[in-house]
Asks: 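The structure is given below, and queries will be raised subsequently.
Residue numbering restarts at 1 for every chain, and letters A, B, ... go by the order of the sequence lines. Owing to the predicted nature of the structure, the values given are computational and were not obtained by experimental measurement.
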Amino acid sequence: MWLADIMDEEPERAKRWEGGYERTWEVLKEDESGSLKATVEEILFQSKRKRVIESHGQVRLGMMRHLHVVVDCSRSMEDQDLKPNRLTSSLKLIETFVEEYFDQNPISQLGIITTKNKRAEKLTDLAGNAKKHIVALKKAVGTVCVGEPSLYNSLNLAIQTLKHMPGHTSREILIILSSLTTCDPANISELIKTLKSLKVRVSIIGLSAEVRVCTVLTRETGGSYHVILDESHFKELLMLHVKPPPASSSSECSLIRMGFPQHTIASLTDQDAKPSFSMSHLDSSSGAVLSLGGYFCPQCHAKYTELPVECKVCGLTLVSAPHLARSFHHLFPLQGFTESPAQELHADRCCQACQGELKDTSIFTCPSCRCVFCLECDLFIHDSLHCCPCCIHNQTNS
Amino acid sequence: MMASEEEINLLVIVVDVNPVWWGQQAQRETELSLSKCLDAVMVLGNSHLAMGRTNKLAVIASHCEDSHFLYPGKSWRAGDSGGDDAYSSGDGKYELLSVVNNLIAEEIRKVMSKTEVRGNSTDTLLAGTLAKALCYVNRVSKEFEAGQEIKSRILVIKAAEDCPRQYMNFMNVIFAAQKQNILIDACVLDSDSGLLQQACDITGGLYLKIPQKVALAQYLLWVFLPDSDQRSQLVLPPPAHVDYRAACFCHRNLIEIGYVCSVCLSIFCNFSPICTTCETAFKIQLPHMVKPKKKKLKQPS
């Protein structure tokens, strides 16, 4: 009886298999000579455009993120529907994700947890450095996939570290789940309530099929749940999580004390050059090397070779100004360009950014400076550059 | 085909042709004038093209009003193939080199004579020019087939001073270049530029402030002609010390320890309860108020 109640509460959504497939073969249309070239180009064009469409607008974003990635290492990961097997493919994609994540969110942290055999263990601790995670991921390719995953245990393990994080950061968990079952020692609804009270956002990427408990978990905590179609879709879904999510209204805002150390480069010919160890390498057995230059913490003068890092001696977060500058384009996002058919352009058919000929069927106009760009430049500007080349010219002139 | 396995080196030269600075330069001393600077650029361009059959070149002039491509011109315009005959110099020089030189000379004449300096701003639009250069490099890389490797670098010849208003756009351009593995080299004629120092440090390029302006061509050929593979085998000028300290938003002083707003990432030197940029009120952990105990005064006896 309680099952029927739950079914009534669920929002009305037509599942794809319920709503009926559209006749997908009708998309392909042949032209007079019988070639499909025009349709194929159109499909490629649309898929390129899809990436640029969404934009958040003036929403407060959670810039300092603490994200835990949970990787399912159960028996179902040995399935070979992703080449060579699900585990190797997922770990490789997560490596790319880790690099992109630290590129777009330089002052955030990431930790990795694996789950198998009804238990969960930490692969790497929450850290702000990409290298440690990538090394650990490369080593993990050889793990034996056995047993069943445990959602409860992995969420519990993640909460242990996330609950101590300060209130102004965003707490997130991303789960890659391939198995259709989970083995939990206690009732997961209690855990869902705890997650909500701690303001942790859980998102799940499923590799097999939709699982009910995942739908409930993500809906209650405000995350997203997707199931992959193939490897490129998997990559797209992972990359969706690189951008900072909108901050929840209850997250606090505070001033964080940070240090901006100077990079000192010394050479052997300097009189005062003293070689020293870097504090970040003291824990690891390899890599403890004497070096001359580095970054010195302004508070306690401990040395580090790379930024950003949290000083082990005095606890001050050390960053450099470009790290903060990397996140500025999230705060001032570039507006989308308006698309229009190329035939309407009567003036010179030249893209004003790359000086190339406008060969595509559509051209893109920037709403503020009304300059015209080609498709490649539009993609490049929105993906990497984050500023319109012609608007920059007008800004500094005014 | 063998040609498809060769690596393509693309060099984009960005020349600062700020007329205000070059005009003042002409009044101060006549050692280095704009035409001599462009001669040096042409020498570098010709040498780069001569280093390899597949090398490519682009030259962009950065003005206060706009940026213009000096080379290559819009070659897909109809009627250009007839113009090539007019460019051959008749002294047996490799035809591409004379085409390059003549195009650059013609375009810079057009740019300097037709562009007027309007408005109050006389700073060079370097960030915008670099953005256009990156779009150009992006287009050229996509035009080749998948097997061909293309390595690109941008050389900036800077004359006038930095414009601090361009900071954010400049940083966006630098990060985009780093992601695309494009080196940014800088050859500075007059005053040191903090922005270019950061650009060279982040992308892995070379920064050099020229001690003697009249020897510009020599420095260009010695330091900036070899590409990134060959640089490891040469003894080049040591990297400049880059100041990565941040400037606080309230006083614009360089600080070593500061407070960062978690919402808008503005940097302050002192703690304040409200962020002046995004106007968020911060939650302050106040210590518990201790009520002062009433002390009985001793009555003087």
Side-chain angles (χ1 to χ4, degrees), chain A residues 60-61 63-64 103 107 167-169 247 252-265 267 298-299 307 316 319-322 324-329 331-332 348 350-357 373-374 376-377 380-381 384-393 395-398, chain B residues 64-67 69 72 74 76 118-119 121 123 125 127-128 131-132 134-136 138-140 142 163 165-169 171-176 179-180 198 202 238-239 241-247 255-265 267-268 271-272 275 280-284:
Chain A
R60 186 186 287 177
L61 298 174
M63 307 290 276
M64 305 185 68
D103 187 54
I107 45 178
H168 57 79
T169 57
E252 303 159 6
C253 329
S254 45
L255 275 181
I256 311 151
R257 201 151 167 271
M258 288 190 176
F260 300 94
Q262 288 265 47
H263 190 194
T264 52
I265 313 173
S267 64
Q299 208 167 250
L307 294 181
L316 184 64
V319 295
S320 67
L324 293 179
R326 258 183 222 273
S327 310
F328 283 156
H329 69 86
L331 297 167
F332 306 105
D348 205 14
C350 165
C351 165
Q352 289 177 293
C354 65
Q355 315 293 313
E357 194 185 353
F373 302 106
C374 61
E376 282 300 333
C377 287
F380 180 65
I381 289 172
S384 310
L385 204 51
H386 303 293
C387 49
C388 165
C390 300
C391 287
I392 309 179
H393 284 105
Q395 262 171 25
T396 41
N397 265 339
S398 58
Chain B
C64 340
E65 290 291 311
D66 202 355
S67 46
F69 273 76
K74 296 176 188 156
W76 39 263
R118 286 176 298 223
S121 163
D123 297 308
L125 296 173
K132 281 194 184 175
L134 285 179
C135 290
Y136 175 77
N138 181 48
R139 172 174 75 96
V140 171
K142 296 263 164 71
C163 172
R165 279 171 298 175
Q166 294 184 21
Y167 176 75
M168 209 165 76
N169 292 322
M171 297 309 281
N172 279 333
V173 165
I174 295 173
F175 296 132
K179 209 162 167 197
Q180 304 272 315
Q198 284 193 26
I202 293 176
H241 172 68
V242 190
D243 198 349
Y244 276 129
R245 282 178 300 173
I255 48 172
E256 289 208 313
I257 300 183
Y259 294 90
V260 176
C261 167
S262 63
V263 174
C264 63
L265 298 183
I267 306 168
F268 301 104
F271 189 88
S272 72
C275 168
T280 347
F282 297 122
K283 203 173 155 180
I284 310 170

Asks: Evaluate the side-chain proximity of A/Arg257 to B/Ile257: yes if any heavy-atom separation is below 4.5 Å, no if none is.
Replies: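 Of all side-chain heavy-atom pairs linking A/Arg257 with B/Ile257, at least one is under 4.5 Å.
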Asks: Applying side-chain contact (heavy atoms from CB on, under 4.5 Å) to B/Asn169 and A/Cys391, what does each step give before you reach the verdict?
Replies: CA-CA 10 Å; B/Asn169 292 322; A/Cys391 287; over 6 Å; no
Asks: Tell me which of these, B/Ala176, B/Gly258, B/Cys261, has more heavy-atom pairs under 4.5 Å with chain A than the rest.
Replies: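 Of B/Ala176, B/Gly258, B/Cys261, B/Gly258 has the most heavy-atom pairs under 4.5 Å with chain A.
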Asks: Please identify, among A/Cys388, A/Pro322, A/Cys377, the residue contributing the most non-hydrogen atom pairs under 4.5 Å to chain B.
Replies: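 Greatest number of close heavy-atom pairs with chain B: A/Pro322.
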Asks: Give the C-alpha distance, both sets of side-chain angles, the deciding distance and a yes or no for side-chain contact (heavy atoms from CB on, under 4.5 Å) between A/Gln352 and B/Lys132.
Replies: CA-CA 8 Å; A/Gln352 289 177 293; B/Lys132 281 194 184 175; 5.5 Å; no
Asks: Examine whether an atom of B/Ile267 lies under 4.5 Å from a heavy atom of chain A, and if so say whether it belongs to the side chain, the backbone or both; otherwise answer neither.
Replies: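 For B/Ile267, the side chain is the part near chain A, not the backbone.
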Asks: Quick check on B/Asn138 against chain A: is it the side chain, the backbone, both or neither that has a heavy atom closer than 4.5 Å?
Replies: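 When you check distances to chain A, only side chain atoms of B/Asn138 fall under 4.5 Å.
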Asks: Of all heavy-atom pairs between A/Ile392 and B/Gly128, which one has the smallest distance, and what is that distance?
Replies: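 Here A/Ile392 and B/Gly128 meet closest at CG2-N, 3.9 Å.
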Asks: With sequence neighbours left out, what residues match A/Ala325 under side chain to side chain contact (heavy atoms under 4.5 Å, CB included)?
Replies: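 In terms of side chain to side chain contact (heavy atoms under 4.5 Å, CB included), with neighbours along the sequence ignored, A/Ala325 is linked to A/Phe328, B/Tyr167, B/Met171, B/Phe175.
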Asks: Give, as side chain, backbone, both or neither, the part of B/Glu256 having an atom under 4.5 angstrom from any heavy atom of chain A.
Replies: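 Its backbone and side chain both get close to chain A.
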Asks: If I compare all heavy atoms of A/His386 with all of B/Asn172, which pair ends up nearest, and what's the gap?
Replies: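 Scanning both residues, the minimum pair turns out to be O-ND2, 3.9 Å.
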Asks: Nearest 0.5 Å, please: how far is CG in B/Leu134 from OG in A/Ser384?
Replies: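 Going from the OG atom of A/Ser384 to the CG atom of B/Leu134 covers 9.0 Å.
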